[in-house]
There are 2 protein chains.
Amino acid sequence: MKYSELKKIIKRHGLRITDCRIDVLSYFIQYKKALTFKNLEDQFEAYDRVTLYRTLSAFEEHGLLHKIPDDSGFATYGLCQDCSTEAHHHNHIHFKCLKCEQLECIDDTINISIDSLPKNYIAQDMDVIIKGVCQQCNSN
Amino acid sequence: MKYSELKKIIKRHGLRITDCRIDVLSYFIQYKKALTFKNLEDQFEAYDRVTLYRTLSAFEEHGLLHKIPDDSGFATYGLCQDCSTEAHHHNHIHFKCLKCEQLECIDDTINISIDSLPKNYIAQDMDVIIKGVCQQCNSN
DNA sequence: CAAAAAATGCAATTTTGTTGCAACTAAACT
DNA sequence: AGTTTAGTTGCAACAAAATTGCATTTTTTG
Ligand SMILES: [Mn+2]
Ligand SMILES: [Mn+2]
Ligand SMILES: [Zn+2]
Ligand SMILES: [Zn+2]
């Protein structure tokens, strides 16, 4: 993606333009799947670990990235489609490949009616993680 | 729950009876909601950290506990209903309260047909985490 | 271009999780 | 019951992951 576009996105979310933010955002967009801190550390050795940690938090706080629930023990982030500092809303589904272990956001909203909740529970949002075999692993 | 019952459960899963295991299992059963390592550490200061870590892994491996995907950054465990070392199967749903942050297993299976997956993706399993307000927080 | 505000890098620290091993304990076996 | 065995515990050391404070640098504003 063009540098000017990346700049626009970061600015739109109320953050200053810096090299690290441009690089990280660009990588997320190009890579398409979810990324962990470790992925970024490997990819961007030139940046200090602390800066990468802070980039992830800033992006999360300002609605560029969202955490994806996982039990791997590592926080995993995916690109937000349409969030801001004020409003986060993630009703899309996630797919975790059992072979390559990679997580990705599936750009398709899911609509499940919840009727089996016990009394006095209020449902507001939902995370769905589908596990299976991804396209790449499937064709190998 | 009675000591003799707890012993039976632990034995049934192929583990030896020890004080720590009795206490941890008993606490899970009584507490009803999911617990993190930190919760246990606070609750059972008398046991060494390492022992608690190993108790959690042993219980997970032998089908007494299952990890619940979460974005808190801490592994969160819930009681299994009917698992063993050989077969783990968790088709129930999870509920995370946005007020008290607590996770719990909802003892109700959910059946969602997945039809919106992209081509060449194979779905095998699914995790559903419903977010909202739990009974307790709702009534306060 | 100068001033103000925010981000970065580095070092130190804290928190979280793992490993090896000796001492101990539960279960199995006379 | 006493002995053997195999598994469990606690401690110390270690390793990995994440956070904090602060001086320096960079971005933005005017
Ligand atoms: Mn997503
Ligand atoms: Mn559960
Ligand atoms: Zn895959
Ligand atoms: Zn609650």
Side-chain angles (χ1 to χ4, degrees), chain A residues 3-27 34-65 67-68 70-77 85 101, chain B residues 3-27 34-65 67-77 84-85 101:
Chain A
Y3 180 68
S4 61
E5 291 230 47
L6 295 167
K7 265 178 30 175
K8 226 181 288 175
I9 296 173
I10 293 172
K11 195 162 266 179
R12 176 152 40 84
H13 286 83
L15 288 168
R16 293 190 172 191
I17 314 301
T18 68
D19 293 354
C20 182
R21 288 174 181 169
I22 293 284
D23 284 342
V24 169
L25 176 59
S26 167
Y27 188 57
L35 294 164
T36 62
F37 168 76
K38 206 164 188 356
N39 294 146
L40 294 183
E41 200 183 16
D42 292 345
Q43 181 68 18
F44 300 109
E45 295 184 357
Y47 295 115
D48 193 84
R49 301 177 19 256
V50 178
T51 303
L52 292 172
Y53 275 118
R54 292 195 272 226
T55 300
L56 284 173
S57 331
F59 278 7
E60 189 190 6
E61 201 163 329
H62 287 78
L64 279 118
L65 293 176
K67 266 195 195 143
I68 305 172
D70 189 33
D71 55 19
S72 73
F74 297 98
T76 311
Y77 294 86
T85 311
E101 300 267 292
Chain B
Y3 180 67
S4 61
E5 291 229 46
L6 296 167
K7 267 180 28 176
K8 225 180 288 175
I9 296 173
I10 293 172
K11 193 161 269 178
R12 176 151 39 85
H13 285 84
L15 288 168
R16 292 193 172 190
I17 314 301
T18 69
D19 293 353
C20 183
R21 288 173 182 169
I22 292 284
D23 284 341
V24 169
L25 176 58
S26 167
Y27 188 57
L35 293 165
T36 62
F37 167 75
K38 205 163 188 355
N39 294 146
L40 294 182
E41 201 182 18
D42 292 344
Q43 181 68 18
F44 299 110
E45 296 184 356
Y47 295 115
D48 193 84
R49 295 175 331 107
V50 179
T51 304
L52 291 172
Y53 274 118
R54 291 195 273 226
T55 301
L56 284 174
S57 332
F59 277 7
E60 189 190 7
E61 201 163 330
H62 287 77
L64 280 118
L65 293 176
K67 265 196 195 140
I68 305 172
D70 189 33
D71 56 18
S72 73
F74 298 97
T76 310
Y77 294 86
S84 64
T85 311
E101 301 265 292

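What you see is a predicted model; the values in this text were computed from it and never measured. Chain letters run A, B, ... following the sequence lines, proteins first, then strands; residues in each count from 1.
- The distance between atom CD of A/Glu41 and atom P of D/dA16, rounded to the nearest whole Å, is 12 Å.
- Closest approach of B/Ser84 and B/His13 over heavy atoms only: CA-CD2, 4.4 Å.
- Aromatic pair A/Tyr77/A/Phe59: centroids not less than 6.0 angstrom apart.
- Between A/Ile10 atom CD1 and C/dA6 atom C1' the separation is 15 Å, expressed in whole Å.
- When the P atom of D/dT25 is taken as reference, atom CG of A/Asp48 falls 15 Å away, rounded to whole Å.
- Between A/Phe37 and A/Tyr53, the distance from one ring center to the other falls under 6.0 angstrom.
- B/Ser57 contributes no side-chain N or O that, together with a main-chain N or O of B/Thr55, makes up a donor-acceptor pair within less than 3.5 Å.
- The separation between B/Asp23 atom CG and D/dT8 atom P is 16 Å, rounded to whole Å.
- A donor N or O paired with an acceptor N or O is not found under 3.5 Å between the base of C/dA7 and the side-chain atoms of A/Arg21.
- Taking atom NZ on B/Lys38 and atom C1' on C/dG17, their separation rounds to 13 Å, with Å as the unit.
- One side chain, A/Asn39 or A/Thr36, offers a donor N or O that lies under 3.5 Å from an acceptor on the other.
- When the C1' atom of D/dT19 is taken as reference, atom CZ of B/Phe74 falls 12 Å away, rounded to whole Å.
- Between the CZ atom of B/Phe37 and the C1' atom of C/dT15 there is a distance of 11 Å, given to the nearest Å.
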If the sugar-phosphate is the primed atoms plus P, OP1 and OP2 and the base is the rest, what is the B/S/- string for nucleotides 20-30 of chain C, using protein heavy atoms under 4.0 Å? B-----BS---

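- In terms of position along DNA chain C, the nucleotide closest to A/Tyr47 lies nearer the 5' end than the nucleotide closest to the other residue of the pair B/Ala75 and A/Tyr47.
- A straight line from OH of A/Tyr53 to C1' of C/dG9 spans 15 Å, rounded to a whole angstrom.
- Separating the CZ atom in B/Arg54 from the OG1 atom in B/Thr18 is a distance of 11.5 Å, to the nearest 0.5 Å.
- Below the 3.5 angstrom threshold, one finds a donor paired with an acceptor across the side chain of B/Arg49 and the base of C/dG17.
- Here the closest non-hydrogen pair linking A/Ile22 and A/Lys7 is CD1-CG, 3.8 Å.
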